[in-house]
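What follows is a set of notes on a single structure, which appears directly below.
Labels below follow one simple rule: chain letters A, B, ... track the order of the sequence lines, proteins then strands, and each chain is numbered from 1.
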2 protein chains.
Amino acid sequence: MNFPAQEQVNEMNLINIESVKLSCKNCSLSELCLPRSLSDDDLARFEEIVDTRPPIPKGGALYHAGEASQALYAIKSGAFKSVVTTEDGEEQIVGFHMPGELVGFDGVESVHNCTVVSLDRSTVCELPLRDLEALSRKVEGLQREVYTVMRREISQEQAMLLLLARRTAESRLASFLLSLSHRLGSRGFSRNEFNLVMSRHDIANYLGLAAETVSRLITRFQESGIVEVNRRRVTILDLAMLKERVGQPGGTKV
Amino acid sequence: MNFPAQEQVNEMNLINIESVKLSCKNCSLSELCLPRSLSDDDLARFEEIVDTRPPIPKGGALYHAGEASQALYAIKSGAFKSVVTTEDGEEQIVGFHMPGELVGFDGVESVHNCTVVSLDRSTVCELPLRDLEALSRKVEGLQREVYTVMRREISQEQAMLLLLARRTAESRLASFLLSLSHRLGSRGFSRNEFNLVMSRHDIANYLGLAAETVSRLITRFQESGIVEVNRRRVTILDLAMLKERVGQPGGTKV
DNA sequence: CGTTAATTTGATCATCTTCAACATGAGTGG
DNA sequence: CCACTCATGTTGAAGATGATCAAATTAACG
């Protein structure tokens with residue numbers, strides 16, 4: 001493993017071999033990461049295949065489109081965006097990834113078609129596919145676990161297709177805020193108050209809108225007393241009303 | 001949706017046991033389906049887990065959202081659409097599926113979140129997940145094969161997200177036609193002349209447009225001499241020009 | 001051959017984009 | 001500590017793309 005010089009050097013020198021070894025058992029993500037249902041025995045085997053990676057600075061890439069896909073990554077801290085790029089330089093953010101989530105499932109014929117960019121200083125665990133495959137032939141539940149995560153990913157993207165194809169700008173932003181609130185909440189953070197790790201521009205891109213539209217919507221939501229937004233700090237004041245804004249403006253038809 | 005018994009009954013009675021037995025080896029889809037890289041020996045084991053299903057009439061469902069996910073399906077003939085439905089009855093088509101393709105990857109916690117509807121009289125092979133999991137612990141390449149298909153599915157949906165978020169109506173329809181041409185072509189059908197199995201309404205829904213818009217665009221494409229469309233019969237007259245319409249109208253910026 | 005569903009065409013309208021200007025904040029060096 | 005600069009975000013006005021409503025055509029099918 002290749003550690004760029006910088007600050008980690010200090011850490012590396014101070015930390016002894018033992019403490020560098022990962023412990024999935026004690027990891028705060030263990031309930032969210034793959035080895036949820038593994039026995040102690042299997043967990044030990046799982047830990048063996050997990051690699052560490054140097055922290056990824058803001059703006060740095062976990063991997064690039066076009067690179068060979070060789071591992072999955074569990075996000076320990078920070079956050080990422082997945083970006084699809086067309087030949088003519090057009091970019092589309094197809095997902096944001098929070099701590100506790102797995103990334104690396106995109107790709108055709110073992111070549112990534114997304115670039116995954118860190119939105120913050122982020123740390124990840126690397127799970128080499130080769131080892132993961134080998135291990136999941138031995139460990140009963142692991143293979144199913146991976147399928148489950150991939151299936152969820154597919155379903156999430158399908159929900160996003162619906163969002164982009166059918167909903168108004170207002171509904172999209174409301175959904176986005178609720179989704180963030182939910183995902184952070186289920187990971188032990190506050191559901192009502194959180195930081196947006198991504199820029200307005202990123203949000204707009206993700207939601208298929210112009211940045212100006214997002215800005216205007218945020219203002220509108222504030223004026224309605226639904227949320228309070230200060231820079232990137234979001235406070236949800238009226239969850240019920242926010243949920244109402246997800247439904248189309250005319251109210252639920254049928 | 002309610003799946004009446006109907007016509008299948010006749011067929012079931014006529015077919016004898018022998019002819020029901022599947023042969024993946026001789027199947028015309030074998031190059032496209034899962035067992036691409038399997039040895040004869042492994043192929044035999046693969047055949048054992050494959051079930052037959054009665055043909056699904058037009059409008060019938062392969063499975064419904066909410067049902068337990070228990071199998072993958074290889075499409076032998078016909079075609080399907082995957083539909084996501086919201087609480088308030090809104091529907092979004094998230095994919096069309098052609099012969100040779102696999103479906104059944106959607107779902108959260110082993111519950112489907114799509115309904116897969118036949119657009120024609122369709123036949124499928126059923127691959128029970130339980131058996132598939134067991135077999136892929138024994139057969140080296142199989143597990144990877146499944147991952148590959150799922151990864152491709154994820155990537156395709158990401159491409160669709162870009163389409164819906166960033167492209168004009170014209171670009172969407174052009175992409176759609178090219179995609180159909182490509183998919184059918186790679187399965188041995190004509191790239192220049194094919195039938196649309198889905199209605200204008202379905203196309204529009206899939207592309208996040210109004211049916212009227214699709215109709216107008218088709219007319220416009222015809223007037224430009226790009227395609228000829230007669231009812232559901234499509235002939236691509238000028239592939240290059242069609243590809244041009246994918247790029248944004250103003251030409252490629254930067 | 002009539003009845004119904006699917007598609008096409010026309011006209012108007014709304015939402016969201018684009019362009020432009022401005023405000024605010026963070027970071028930097030004097 | 002302040003002034004400056006660059007990045008980010010906000011606001012306003014005009015314009016465009018595509019939706020919706022309405023009506024006419026055409027195809028499908030019993």
Assess the residue pair B:Glu170 and B:Arg220 against the criterion (salt bridge (Lys or Arg N to Asp or Glu O under 4.0 Å)); give the C-alpha distance rounded to whole Å, side-chain angles, the decisive distance to 0.1 Å, and a yes or no. CA-CA 9 Å; B:Glu170 185 171 275; B:Arg220 209 198 292 172; 2.6 Å; yes
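At whole-Å resolution of the value, CG in A:Asn205 and P in D:dT8 are 14 Å apart. We find that CZ of B:Arg167 is positioned 16 Å from P of D:dT17, with the value rounded to whole Å. One atom, CD of A:Glu223, and another, C1' of D:dT11, lie 11 Å apart when rounded to the nearest Å. Rounded to an integer number of Å, the gap from CZ of B:Arg233 to C1' of D:dA27 is 17 Å. In this structure, B:Glu90 places its CD atom 14 Å from P of D:dA19, rounding to the nearest Å. Distance CZ (A:Arg172) to P (C:dT15): 14 Å, rounded to an integer number of Å. If you measure from atom CG of A:Leu164 to atom C1' of C:dC16, you get 14 Å, rounded to the nearest angstrom. Per the geometry, CG belonging to B:Leu217 stands 16 Å off C1' belonging to C:dG10, to the nearest Å.
With respect to A:Arg200 and A:Glu212, no salt bridge is recorded, no charged nitrogen being found less than 4.0 Å from a carboxylate O. Salt bridge status for A:Arg151 with B:Asp106: absent, with no side-chain N to carboxylate O gap under 4.0 Å.
A:Ser199 comes within 4.0 angstrom of the backbone, heavy atoms only, and of no base. Among the protein residues, B:Leu209 comes within range of the sugar-phosphate backbone only, with heavy atoms under 4.0 Å from sugar or phosphate atoms but none that close to a base. Backbone-only contact: A:Arg232 has heavy atoms under 4.0 Å from sugar-phosphate atoms and none from a base. If you check every strand for non-hydrogen atoms under 4.0 Å, B:Ala169 touches sugar and phosphate atoms only.
Map B:Arg220 and A:Met198 each onto its nearest nucleotide of DNA chain D; the residue landing nearer the 5' end is A:Met198.
In this structure, of C:dT7, C:dC16, D:dT20, it is C:dT7 that holds the atom nearest to the side chain of B:Arg200. Among the nucleotides C:dT8, C:dT7, C:dT18, the one closest to the side chain of B:Thr219 is C:dT8. When the nucleotides D:dC21, D:dA19, D:dT10 are ranked by their closest atom to the side chain of B:Glu212, D:dC21 comes out on top.
Side-chain atoms of A:Glu170 and base atoms of C:dC16 include no donor and acceptor less than 3.5 Å apart. Under 3.5 Å, the side chain of A:Arg216 and the base of D:dG12 form at least one donor-acceptor pair of N or O atoms.
Atom-to-atom distance recorded for A:Arg172:CZ and A:Arg166:CZ is 10.5 Å, nearest 0.5 angstrom.
Between B:Thr213 and D:dG18, a side-chain N or O to OP1/OP2 separation shorter than 4.0 Å is absent.
Taking the centre of each ring, B:Phe96 and B:Tyr206 come in below the 6.0 Å mark.
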